[in-house]
A.B. asks: 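Handing you this structure, nothing more for now.
No hydrogens, no waters, no symmetry mates; every other heavy atom, side chains included, goes into these values.
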Amino acid sequence: MKNILAFTLKGCPYCRSAQKAYAALHQKPAYRDVSIDWIDETEHPELASKYDHYYCPSIFVDGKKIYEAHPGDDDDTIFRMVERSMQAALS
């Protein structure tokens, strides 16, 4: 299984939505073994600076950016992108 890193910020509503999506998807049998390393970029700036992203959450699967939130993304979009990231980790 491929490694998933997700860069987040405390208090970010998009990050909260991504974490809720992950929690819901993780309950499904197909995704039970998929884990995401949630990295607060303010607590680990040295790691965050190694990845090309601006907005949070940003999700990388084996170093490849799968999703970077944009202002205005709704919960459904975020859910789909978290799921896409989890699927990419399984492929």
A.B. asks: Side-chain contact, heavy-atom cut-off 4.5 Å: Leu25 with Val82?
C.D. replies: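 They are in contact (side-chain heavy atoms under 4.5 Å apart), so the answer is yes.
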A.B. asks: For a quick test of your reading: what N or O donor-acceptor pairs under 3.5 Å do the side chains of residues 83-91 make, sequence neighbours left out?
C.D. replies:
residue: Glu83; atom: OE2; partner: Tyr31; partner atom: OH; Å: 3.0
residue: Ser85; atom: OG; partner: Met81; partner atom: O; Å: 2.9
residue: Gln87; atom: NE2; partner: Tyr31; partner atom: OH; Å: 3.1
residue: Ser91; atom: OG; partner: Ala88; partner atom: O; Å: 3.0

A.B. asks: Please list, chain by chain and in numerical order, all residues satisfying ring pair (Phe, Tyr, Trp, His ring centres under 6.0 Å) with His26, sequence neighbours excluded.
C.D. replies: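 Residues passing ring pair (Phe, Tyr, Trp, His ring centres under 6.0 Å) with His26: Tyr22.
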A.B. asks: Could you see if Ile59 belongs to whatever hydrophobic cluster contains Met1? Use Ile, Leu, Val, Met, Phe, Trp, Tyr and a side-chain cutoff under 4.5 Å.
C.D. replies: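 Yes: a chain of side-chain contacts under 4.5 Å links Ile59 to Met1.
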A.B. asks: Does CG belonging to Asp33 count more than 12 external heavy atoms closer than 6.0 Å?
C.D. replies: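 Check fails, neighbour count at 12 or below.
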A.B. asks: Identify the heavy atoms of Cys12 and Cys56 that sit nearest to each other, and give their distance.
C.D. replies: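 Minimum heavy-atom contact is SG-O, 3.7 Å.
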A.B. asks: Got a sec, which residues hit side chain to side chain donor-acceptor pair (under 3.5 Å) with Lys20, two or more places apart in sequence or on another chain?
C.D. replies: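 So Lys20 forms no side chain to side chain donor-acceptor pair (under 3.5 Å) with any residue.
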A.B. asks: Enter the distance from Arg16:CZ to Ile78:CD1 here, rounded to the nearest 0.5 Å.
C.D. replies: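 Arg16 CZ to Ile78 CD1: 10.5 Å, rounded to 0.5 Å.
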A.B. asks: Just jot down the side-chain contact (heavy atoms from CB on, under 4.5 Å) partners of Asp40, sequence neighbours excluded, or say none.
C.D. replies: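 Testing Asp40 for side-chain contact (heavy atoms from CB on, under 4.5 Å), a comparison that skips the adjacent residues, returns Thr8, Lys10, Thr42, Glu43.
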A.B. asks: Output all residues satisfying side-chain contact (heavy atoms from CB on, under 4.5 Å) with Arg80, sequence neighbours left out; order by chain, then residue number.
C.D. replies: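 Arg80 satisfies side-chain contact (heavy atoms from CB on, under 4.5 Å) with Asp76, Thr77 once adjacent residues are dropped.
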A.B. asks: I'd like to check the side chain to side chain donor-acceptor pair (under 3.5 Å) partners of Ser35; sequence neighbours left out, ordered by chain and number.
C.D. replies: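 Here no residue qualifies.
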A.B. asks: Kindly indicate, with the supporting measurements, whether the criterion side-chain hydrogen bond (donor to acceptor under 3.5 Å, both in side chains) is fulfilled by Tyr14 and Asp74.
C.D. replies: CA-CA 8 Å; Tyr14 301 107; Asp74 60 21; over 6 Å; no
A.B. asks: Suppose we screen for side chain to side chain donor-acceptor pair (under 3.5 Å). Which residues come up paired with Glu41, at least two apart in sequence or across chains?
C.D. replies: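 Side chain to side chain donor-acceptor pair (under 3.5 Å) check on Glu41 returns His53.
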A.B. asks: Restricting to side chain to side chain donor-acceptor pair (under 3.5 Å), what partner residues turn up for Asp75, sequence neighbours left out?
C.D. replies: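 Partners of Asp75 under the side chain to side chain donor-acceptor pair (under 3.5 Å) test: Ser17.
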A.B. asks: Could you list who else is in Tyr55's hydrophobic cluster, with ILVMFWY side chains joined at under 4.5 Å, directly or through other members?
C.D. replies: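 Besides Tyr55, the cluster holds Tyr54.
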A.B. asks: For residues Tyr51 and Leu5, determine if any side-chain heavy atom of one lies less than 4.5 Å from a side-chain heavy atom of the other.
C.D. replies: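 Yes, close enough: below the 4.5 Å cut-off.
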A.B. asks: Quick check for you: to the nearest 0.5 Å, what is the distance between Ile4 atom CD1 and Asp37 atom CG?
C.D. replies: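 Nearest 0.5 Å value for the CD1-CG distance: 8.5 Å.
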A.B. asks: Who else is in Leu9's hydrophobic cluster (ILVMFWY, side-chain heavy atoms under 4.5 Å, direct or via others)?
C.D. replies: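 Result for Leu9 is none, singleton.
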A.B. asks: Can you name the residues that form a side-chain contact (heavy atoms from CB on, under 4.5 Å) with Asp52, not counting sequence neighbours?
C.D. replies: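 side-chain contact (heavy atoms from CB on, under 4.5 Å) list for Asp52, sorted by chain: Lys65.
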A.B. asks: Can you find a pair of side-chain heavy atoms, one from Leu47 and one from Phe7, that are under 4.5 Å apart?
C.D. replies: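 Yes. Closest side-chain heavy atoms under 4.5 Å.
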